[in-house]
Amino acid sequence: MINPDDSIRLTNVLSKAYSCHYVDIDKAAEVFLDEVIKRGATPKGPLFYSLENVPSDERVRGELFMPVEESYIKTSGDMYFHSYFNIEDMISICVHTDMEQNTEVAYFMLLAHMEEVGLRPTTPFFHVVGGDDSFQYVFIKVGVADLD
């Protein structure tokens, strides 16, 4: 079921761009979390990431994000600190089983919903990771605006 009224509203977020084979997203997230901790930051979650391309060549580009407890973390290189990270006017859907196949279905459903109600995407797709070892889920979100 599509949530037509969603957002991402967080403070104190570290982020880093990435590019990898789509099967290595989990590994990229682990490396990113290690870097966050090495900088002296305390993750408070949820981990989320954006996908800036459709992985037709099996490689994905995007950005990894982690909210942290600290109100400021010094960064350098390809890591950034955002005091506020806010995206309004999003639609979303939750995927909780057979993640790879159902993520594709979720994208299709979100794109079909946008077409049906006259919306266009204004952001990349975001994946907000949740759950624990016994039950994992992902909210897939995208910013939208009227076609006008």
Which heavy atom of Glu88 sits nearest to which heavy atom of Ser7, and what is that distance? OE1-CB, 3.7 Å
Please identify each residue that fulfils side chain to side chain contact (heavy atoms under 4.5 Å, CB included) with Asp89, with sequence neighbours left out. none
Looking only at the side chains, is there a donor atom on one of Ser50 and Glu63 sitting less than 3.5 Å from an acceptor on the other? no
For Ser15 and Leu64, indicate whether the former's side chain and the latter's backbone hold a donor-acceptor pair under 3.5 Å. no
Asp6, Leu110, Val105 screened by side chain to side chain contact (heavy atoms under 4.5 Å, CB included) with Ile93, the one that passes: Leu110
Could you tell me whether the side chain of His82 and the main chain of Tyr84 form a donor-acceptor pair under 3.5 Å? no
Answer yes or no: is there a side-chain heavy-atom contact under 4.5 Å between Pro67 and Pro46? yes
Between Asp98 and Gln101, what is the shortest heavy-atom contact and its length? OD2-OE1, 2.9 Å
If you apply the rule side-chain contact (heavy atoms from CB on, under 4.5 Å), what do you find for His127 with Leu47, and how did you get there? CA-CA 9 Å; His127 293 226; Leu47 170 74; over 6 Å; no
Would you check, one step at a time, whether the test side-chain contact (heavy atoms from CB on, under 4.5 Å) holds for Leu147 with Leu119? CA-CA 5 Å; Leu147 284 174; Leu119 299 172; 5.9 Å; no
Looking only at heavy atoms, what is the nearest atom pair of Val68 and Lys44, with distance? O-CE, 3.5 Å
With a 4.5 Å limit on heavy-atom distance, are the side chains of Glu69 and Asn12 in contact? no
Value rounded to 0.5 Å, distance of NZ in Lys141 from CZ in Phe125: 14.0 Å
Under a 3.5 Å distance rule, please check whether Glu70 uses its side chain to pair with a backbone N or O of Thr42 as donor and acceptor. yes
Please examine the side chains of Tyr18 and Phe32, heavy atoms only from C-beta on, and report whether any two atoms are closer than 4.5 Å. no
List, by chain and then residue number, the residues other than Met90 in its hydrophobic cluster (Ile/Leu/Val/Met/Phe/Trp/Tyr, side-chain heavy atoms under 4.5 Å); write none if there are no others. Ile8, Leu10, Val13, Phe48, Phe65, Phe85, Ile87, Phe126, Val128, Phe135, Tyr137, Phe139
Once you round to the nearest 0.5 Å, how far does CD of Gln136 lie from OG1 of Thr97? 12.5 Å
Of all heavy-atom pairs between Lys74 and Arg39, which one has the smallest distance, and what is that distance? O-NH1, 3.6 Å
With the side chain counted from C-beta on, respond yes when Glu35 and Lys16 share a heavy-atom pair under 4.5 Å apart, and no when they do not. yes
So Cys94 and Val138, side-chain contact (heavy atoms from CB on, under 4.5 Å) or not? Walk me through it. CA-CA 6 Å; Cys94 185; Val138 175; over 6 Å; no
State the CE-CG distance between Met66 and Leu14, to the nearest 0.5 angstrom. 9.5 Å
Group every Ile, Leu, Val, Met, Phe, Trp and Tyr by side-chain heavy-atom contacts under 4.5 Å, then state whether Tyr80 and Val36 land in the same group. no
Side-chain touch Val60/Cys20, heavy atoms, less than 4.5 angstrom: yes
Leu111 side, atom CG; Glu116 side, atom CD - distance, nearest 0.5 Å: 12.5 Å
Looking at Asp146 and Arg120, what are the two nearest heavy atoms and their distance? O-NE, 3.4 Å
Co-membership, hydrophobic cluster, residues Ile37 and Tyr49, 4.5 Å side-chain: no
Can you name the nearest heavy-atom pair linking Val144 to Thr122, along with the distance? N-OG1, 3.4 Å
Any side-chain heavy atom of Leu51 within less than 4.5 Å of one from Pro124? no
d(Met114 CE, Met109 CE) to nearest 0.5 Å is 12.0 Å
